[in-house]
There are 2 protein chains.
Amino acid sequence: MDKYDGLKLENQLCFPLYSVSNLITRNYKPLLDALDLTYTQYIVMMVLWEKERVTEKQLGKQLFLKSNTLTLLLQKLSDKGYVSVAKDESDARYVVITLTETGKKLKDRAVDVPPSIAKTINLSADEAVYLYKILYKILEENKDEKV
Amino acid sequence: MDKYDGLKLENQLCFPLYSVSNLITRNYKPLLDALDLTYTQYIVMMVLWEKERVTEKQLGKQLFLKSNTLTLLLQKLSDKGYVSVAKDESDARYVVITLTETGKKLKDRAVDVPPSIAKTINLSADEAVYLYKILYKILEENKDEKV
DNA sequence: AAAAAATAAATCGCATACGATATAATTTGC
DNA sequence: GCAAATTATATCGTATGCGATTTATTTTTT
């Protein structure tokens with residue numbers, strides 16, 4: 001035990017978080033390629049599949065992303081024909097994103113993705129629930145700092 | 001409960017993993033800026049602070065990264081004067097990375113980083129240990145697929 | 001030992017993420 | 001009612017990460 005122990009890779013919590021996150025994105029890739037989506041595009045679509053109309057601002061809040069990531073990404077989803085992007089009529093500062101018909105249909109092709117990913121993670125129900133709770137605890141605590 | 005439940009954002013385990021990982025990288029940024037390191041560069045330095053000489057291959061295995069990420073990153077660390085990069089004499093396929101004197105000294109300036117980050121995460125010891133174990137379980141199970 | 005296979009890096013093209021800054025639209029304060 | 005402050009996007013520059021491919025080197029096979 002010396003003053004450098006905190007700098008050992010094996011004592012980091014952040015490193016496995018970072019690595020697991022990368023790992024999962026890698027696992028998603030072949031599944032999402034079939035839908036012509038990246039992982040970030042996929043979570044945007046997930047929001048829209050639940051709520052057909054959102055502003056860029058709302059998306060950012062829910063996904064912890066900002067315009068520097070979202071603006072270009074939404075343009076790409078628009079280019080693919082999955083969403084339409086327009087200014088809000090009553091307040092032109094807002095960008096409103098809505099699902100196109102193609103985007104709505106994509107939902108049916110996406111239903112197989114979550115179970116496929118679940119297989120690659122392979123946690124017990126208890127572990128998954130606990131992990132879920134801890135992660136959201138961390139997110140909740142840091143929520144304010146970034147808006 | 002319908003067939004689309006699996007596609008709800010709130011039912012994803014991957015999304016909070018991804019978001020927490022991004023969050024942590026954001027929290028590291030101001031701390032690491034002072035050391036002129038990015039997060040990925042920082043974990044490479046952590047490996048080297050424990051083991052003064054490693055090959056790019058070994059680094060990739062330990063950090064779950066490949067040459068497409070590492071080659072350029074190591075060049076940057078070399079440009080900053082923190083490491084030196086050279087071909088292995090006995091087998092020129094390998095790239096060997098060693099700490100420079102500057103790189104060694106950086107370790108003393110880095111000791112404050114882990115406790116600062118720990119504050120922003122704010123988990124109990126039990127939670128941290130449990131989280132750690134689950135994450136490494138996931139990493140272990142997926143280790144083989146990517147080398 | 002020459003050809004073939006294997007291995008480790010390097011390179012390419014693409015899509016994030018980030019802070020910082022700029023722009024455009026609306027609201028607020030006086 | 002108009003200048004100032006606020007708000008929501010857009011833009012810029014930098015650094016990853018990824019799969020796919022290429023290059024360089026070594027080992028294996030015949």
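Letters A, B, ... are given to chains in the order of the sequence lines, protein chains preceding strands, and every chain is numbered from 1. Since we're looking at a predicted model, the values are computed, not measured.
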| query | Between B:Y28 and C:dC18, is there a side-chain N or O to OP1/OP2 distance below 4.0 Å? | reply | no
Test item: A:F15 and B:L135 side chains (from C-beta on) under 4.5 Å apart, heavy atoms
no
List, with names and distances, any nitrogen or oxygen atoms from the protein found under 3.5 Å away from nitrogen or oxygen atoms belonging to nucleotides 8-10 of chain C.
unit_1	atom_1	unit_2	atom_2	d
C:dA8	OP1	B:Y94	OH	3.0
C:dA8	OP2	B:K57	NZ	3.0
C:dA8	O3'	B:R93	O	3.3
C:dA9	OP1	B:E56	N	3.4
C:dA9	OP1	B:K57	N	3.2
C:dA9	OP1	B:V95	N	3.2
C:dA9	OP2	B:K57	N	3.0
C:dA10	OP2	B:E56	OE1	2.9
C:dA10	OP2	B:T71	OG1	2.8
C:dA10	N7	B:S67	OG	2.7

note: A:I97, atom CD1; D:dA8, atom P; distance rounded to Å ~ 13 Å
**Request:** Examine C:dC18: is either OP1 or OP2 under 4.0 Å from a nitrogen or oxygen in the side chain of A:K66? Give yes or no.
**Result:** no
Atom CD of B:Q41 and atom C1' of D:dT14 are separated, to the nearest Å, by 11 Å
The complete set of salt bridge (charged side-chain N to carboxylate O under 4.0 Å, His left out) pairs with one or both residues in residues 86-96 of chain A, sequence neighbours excluded, reads A:R53-A:D88, A:D91-A:R93
Atom CG of B:D33 and atom C1' of D:dT16 are separated, to the nearest Å, by 15 Å
_Can a donor-acceptor pair be found, under 3.5 Å and without considering hydrogens, that links the side chain of B:T55 to the backbone of B:Y94?_
no
Of C:dA25, D:dT25, C:dA15, the nucleotide closest to the side chain of A:D91 is C:dA25
5'-most contact on DNA chain C (nearest-nucleotide basis), A:K80 vs A:S90, goes to A:K80
Residues passing the salt bridge (charged side-chain N to carboxylate O under 4.0 Å, His left out) test with A:K3, sequence neighbours excluded, are B:D108
Those residues at least two apart in sequence (or on a different chain) that pass salt bridge (charged side-chain N to carboxylate O under 4.0 Å, His left out) with A:K29 are A:D33
With respect to the phosphate group of C:dA17, does any side-chain polar atom (N or O) of A:T40 fall under 4.0 Å of OP1 or OP2? yes
Rounded to whole Å, CZ of B:R26 lies from C1' of D:dT14 at a distance of 17 Å
To the nearest angstrom, the CZ-C1' distance between B:F64 and D:dC18 comes to 16 Å
Identify every side-chain donor-acceptor pair in residues 121-131 of chain A under 3.5 Å, counting partners at least two apart or on other chains, and give the distances.
unit_1	atom_1	unit_2	atom_2	d
A:S124	OG	A:E127	N	3.1
A:S124	OG	A:E127	OE1	3.3
A:E127	OE1	A:S124	N	2.9
A:E127	OE1	B:K137	NZ	2.8
A:E127	OE2	B:K137	NZ	3.2

Base, sugar-phosphate, or nothing: which does B:T38 touch, judged by heavy atoms less than 4.0 Å apart?
sugar-phosphate
Regarding the side chain of A:K29, the nearest nucleotide among D:dG17, C:dA17, D:dG19 is D:dG19
A:L37 CG to D:dC18 P, in whole Å, measures 19 Å
Quick note, salt bridge (charged side-chain N to carboxylate O under 4.0 Å, His left out) partners involving residues 6-19 of chain B, not counting sequence neighbours, are B:D5-B:K8
Whole-Å distance, B:D88 CG to D:dT26 P, equals 9 Å
Rounded to whole Å, CG of B:N27 lies from C1' of C:dC18 at a distance of 13 Å
